Structure formats: C-alpha cells, structure tokens
Amino acid sequence: MDCHLDIFFLEALLNGLLLAGLLALLALGLNLVFGVIDVVWICYAELVMVGMYGVHYAYKGGLPFIVAAALGIVLVAVAAGLLHVLVIRPVLETAPINQLLVTGGVLFFLQAAATMAFGVEFKNIGISLGSLNVLDMSFSRARILSFVVALVGMLALWLFLTRTYMGTAIRAIAQDRQIMPLMGVDSRRIYLVTSAIGGGLAGLAAGLMVLNYDIYPQIGLQFGPLIFMICVLGGLGSMIGGFVAAFVISQFIAVGSSCFHTEWGYAVAFLFFMIAIFFRPQGLFGAKS
Amino acid sequence: MSAPRLSPAALAGLLAVALLPWAVRLFLGDSEKYYLHLLIQILLWSFIYTGWSLMGRFGLTSLGHGAFSGIGAYVTVLLWNFAGVSPWLGIPVAVVAATIVGVLVGYPCFRLRIAGHYFALMTLALTEFVRLCIVGLRDYTGGSLGTQPKRYGDGLSLYAMQFEPDRMLSFYVAFALWLFGLYVWRHVDRSMDRYALDAASQDEDAAASVGIDVTREKLKITALSAAMCALGGAVFGQYQMYIGPDTIAGLGTSLNIVFAVVAGGMWAMLGPTVGAVFTQLLSEGLRVVIQSSGILKSVLGSAALALDSAIYGLLLVLFIIYMPKGIVGTLLERRRQARPARVARAETPPA
C-alpha cells in the first residue's frame, strides 16, 4: 500500500494513458454498433477473442504479423456480419432486451467453441517488442503501438463517417430510424455494413491485444464489462467521449493497481461508473435526449 | 396468511414432487446421492430463478442478480467463519444487506428512468463490482478460489444450519424454499402491484398519470427480488458447503439466471422451475453422454466438457428467436389458442 507521488506514480499514470488507447479502440466498434443499430452485443469481447485466436494461429502458421493482423480484421468483420444476419436480424423488431440476451447465447457459444477448439491453456504469441525506458520509467512498446494505432483507427472512422456517402447514411440512420428508409436508404444494408465495420474495429483491437495479453477462452469476461462501461460512460456515438471515458477508467485501474491489489483498481472503476451514470445518465459527452 | 386454494391437479403435482426422493430411493438406490443432488440443485436454482423472474417479467432485465446471490452466500459464510454468527442470524443479515444494495442501485436507476439496455449494463457493473470486492477481500473470502463454511461437528447441525451430509433432509429444505418461492410469485401475481408494474412496463408516463408511483413500485419489486436471490444464494452455500466467486456470484451466474428463466418462460409461475429443470438436465445429460461415449471423448478429449455450454448457447439463441416466451409460455399460449376456439364454437347459436 505504498502510494507516493513519485516517479513510479507518474509511470502508473502514463501507463494508464497507454492502456486507455487500447480500451478506447475496443470500445469504438461497440460504440458504433450500439449507437447506430441500438443493439448491445454482449458477446463483443468474445468477437475480439475470436480475432485474437485468428491472429495467433495465422502468425504461428508462418504469416508475417502484419498480414496475420489484417486477416484478423477480416475474420472478425465477417463474424460480425454473420452475427448480425443470423442472430440480430431475426429479433430486430422484438423487445430491445431480446437483442441483448440473444447475443448472450452467442457469448456462451463462442467461449465454449474456443475451449473445444483451442483448449483452456493461456497462449502467448511470442512477439516481444521490448520496452522503452525514459528516466526511471519503463513503458511497453506494444502498449505505445496500441495507443498510436487506436488514435489512427479513431481518426479513420471519423473521416469515414463524415466524409463518405456511406458514413453519412450511417449517421443519418442513427438519428432517425423511421425516416431514413423513406429517403431511399436501405437500412438492412446500412446495419450490415455497420456491423461489419464494428467487427473490423474489434479485429483491429484483437491484433493489438495479442501483443499485450495472453489468449485464453475466458478473456472476454475480463474485458467485456470494461468495454461496456466505457461505451456508456463516454456517451453513445461520441468518439471523444469514449476516449475520455477510457482514460478515466484506465487511470482508476492503473493507479489502483499500482497502489493496491489489481481488483481494487477495477472495483473502484466500476463504482465510479455507477455513480457517474447517476449524475450524467447520458454519459460524459452524450447529447441530452 | 389465508391458505391458498389449490386445484386438485396442483395438489397432486406438489405431492408428486414431495415424493420424488422416495421414488429415487426405491428405483435408483445405487446412485441415490447423485440423483438427489440433481433434484436439490434444480429446486435451489428454481427458487433463485423465480426471484429473478419477479423483476424480469416487468421488463426490468437485471444482470445484477449474481451480485445478490453472491452477497447472500458470502455474508452468511463470512459471519459464521469469522464471527461465529449462526446462519439463523447470518442469513437475515445477508438478505437485508443485499436488499439495501438493490435499493441503493435501483433508486437512482428508476428515478432517472434508466431502462432496457442501460439498466442491464448498469446492473452488470454492480455484478462486476461485487465480484471484484469478493476477490479483493481474499484474506477473508479465499479470493477466486472460494471458501467453505467451517463444519460444525459432523457437519449436520441445526444451530449451524448445516445439512449437506443428509441428502433427504437437504431435499426437503430445498423443497420448502421452492414452495416459498412459488408462494411469493403467486402473491405478487395477484397483487395490485402487479397491475401497476405491468402498466409501468408498457408506458411509464401513462402509468404515472393515473397515480402509480412508478419508482416506488419498481423499488418494491427490486427489493423483493434481490432478497429472494440473496436467500437462495445463502442456502445454496450452506448446501454446497463451498462458495466461489464464479459459482454463486459474478457475470456467469447472472447470465445463467437470466437465460434459464428465458428458456423456461418468465411470465408463468412454473417457467423458472422448468428453466432450471431444462438447463440442469441438458448439462447433466450431455455430460453423461460424453462420459459414456468413447468416440466423442477421443475426438474432443478434455474439451468435451465445453460441449454442453456450446449447445446451451446455441439453444438459447434459438429460444430467443423462435420461442421468446420460453417453454412454459409457449405451451400455455398453445392451450389458450386451442380453448377459445372450442368455446366460441359451442356458443355460436344455431342458425
């Protein structure tokens, strides 16, 4: 319990910032799907897990890492597209909570399927980028890379949503589901494209996750709740909000873990989330409805 | 309490369930312990599921009930292990603690009208918070490995509320709890609160405009539901003589509760019970099939253990898409559709 304002505390703060990049990227895909289709994929973190296994085995199979990571993006994008067509579309018109529950079934399925296919062991991809030492502080290069890619990914998504026809259609349908089909927008297609993009972002995050963490079938349960929290705390549809929320949450985790046990960092983060939502139900940066 | 009038069919059903362990003893004597264990599990989980369905049926989809059952189990066991407080006192304390937590989280949610997805995610955060606290307090709770209530004497004690070695007794404890759960469900089903909550779940503004205090009604049902889950969790811990953050608390438990009720049907009294029977039989049945099948075992190896979850997940998806009312709900609907047709035919005056 030694918590001093020294160089290690600064190291924890900066590491928290780097973790925020990864978490923000993870939340980005979910945020898009949640905001546009108004569906919560409870199995979102499991899609990331599928992507992680994909990247892992593609790399172990002899492909260069960058190709393996690209394959991971495609893999999860396709998986997310299938998820939408096979599972979400049939319940899109029913009670909203059904859409959340149905993806919960997918969560169990993916976790069990991964256990059967890959076993319960922790798998490490075996790429070490080493760490960067500044003063007495050390930062993992994989984290720094994740942070940079997360920023680039967010910028790319923002450009896509604001500068392309498809992006504009996606934003429009998020604002008014009833009117846009009358304006000649095919909502089925938009939803499918949005799901695939959301999956692609999850796949991108998966490629970075394998550099930072060991893979095991239950890894989704470790990250899933955090991702949902960041999404809601940031405010739906707000990318800046998502990043700020990721930053706040990761600071709780990083500083909490450096001063106390890891769980207390997480526990305080969840407590903060609940209290924050009581004060700002629309999220930190969400528009008031 | 006025004695609820029971139809002959219901009485016969209850009697049949009460006599089940004797049937097991008579016909399945060799593996009596195993089958009784299965029945006890089904009844205990049925009680917890019934507690959840009290909220779930009114559109309050909580993923936080793993937190309540966890609080119930852990507070009871910790009080016994570290303060020597008998569960007779410990369980009421645990139930009150869980109820307070439920109300503390519920009140702002209902005031701010956090509903649907947001309510689910909010309660999910509660579950994670409680699980992390359990793991964090590992000096007392044993962390992620879980802990055991200290055995009192030979493990069979009224004072310590320990009954695990006697499966017959355990069955009737679980049976009594299950009956109590059904009684509460029926009581709620026939109360004015039920109509108020039904109205509120359809249209909150309209319900409020006819004088329903929506927040208060929702809080009442949340408190009741949380208390039931805590009681169920506590008794479950006393029976299993082991509690772990993954068996009685945490997201996995929350999701299992929700899905079993969805499978069984949340709008019928026996829906949660059927859900418990269905999920327990499914996982046990698959386990037995896998254990006895040499081919499956050699192909899948130890991974075969995950096969039941995979099938379970797949079935849940199919249930929600094709049978959103669950097994019992769908059967009841079929019966209802069949009946008015007959009545209408009978009442049509001859031309």
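On a predicted model such as this, the values are computed, not experimentally measured, just so you know. The sequence lines fix the lettering, A, B, ..., with proteins before strands; numbering per chain opens at 1.
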Side chain / backbone / both / neither for [X] at chain A, heavy atoms under 4.5 Å:
| X | answer |
| --- | --- |
| B:Val262 | side chain |
| B:Tyr118 | side chain |
| B:Ile321 | both |
| B:Leu315 | neither |
| B:Leu137 | both |
| B:Val258 | side chain |
| B:Ala125 | both |

Need one label for A:Val106: side chain, backbone, both or neither, based on atoms under 4.5 Å from any heavy atom in chain B.
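Both the backbone and the side chain of A:Val106 come within 4.5 Å of chain B.
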
For A:Leu107, is it the side chain, the backbone, both or neither that has a heavy atom under 4.5 Å from a heavy atom of chain B?
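The answer is the side chain of A:Leu107.
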
Give me the contact list for residues 48-56 of chain A versus chain B, heavy atoms only, anything under 4.5 Å, ordered by residue number.
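The stretch does not come within 4.5 Å of chain B.
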
Quick check for you: to the nearest 0.5 Å, what is the distance between B:Met122 atom CE and A:Phe270 atom CZ?
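So the gap between those two atoms works out to 12.0 Å.
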
Salt bridge (charged side-chain N to carboxylate O under 4.0 Å, His left out) contacts in which one or both residues fall within residues 85-98 of chain A, not counting sequence neighbours
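Every pair satisfying salt bridge (charged side-chain N to carboxylate O under 4.0 Å, His left out) with a residue in residues 85-98 of chain A: there are none.
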
In terms of side-chain geometry, is the basic nitrogen of B:Arg138 or A:Glu263 positioned less than 4.0 Å from the acidic oxygen of its partner?
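Yes, B:Arg138 and A:Glu263 are salt-bridged.
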
Grab the two heavy atoms, one from B:Ile320 and one from A:Val91, that are nearest each other, plus how far apart they are.
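Of all heavy-atom pairs spanning B:Ile320 and A:Val91, the closest is O-CG1, 4.0 Å.
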
Residue pair B:Leu121 / A:Phe34: nearest heavy atoms and the distance that separates them:
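Shortest heavy-atom separation between B:Leu121 and A:Phe34 comes out as CD1-CE1, 3.9 Å.
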
Evaluate the side-chain proximity of [Y] to [X]: yes if any heavy-atom separation is below 4.5 Å, no if none is.
| X | Y | value |
| --- | --- | --- |
| B:Val317 | A:Phe109 | no |
| B:His117 | A:Asp38 | yes |
| A:Ile42 | B:Leu124 | yes |
| A:Trp264 | B:Cys133 | yes |
| A:Thr94 | B:Pro324 | no |
| B:Cys109 | A:Phe278 | yes |
| B:Phe129 | A:Tyr266 | no |

Identify which of B:Ala120, B:Ser309, B:Gly136 forms the greatest number of heavy-atom pairs closer than 4.5 Å to chain A.
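Sorted descending by pairs with chain A, the first entry is B:Gly136.
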
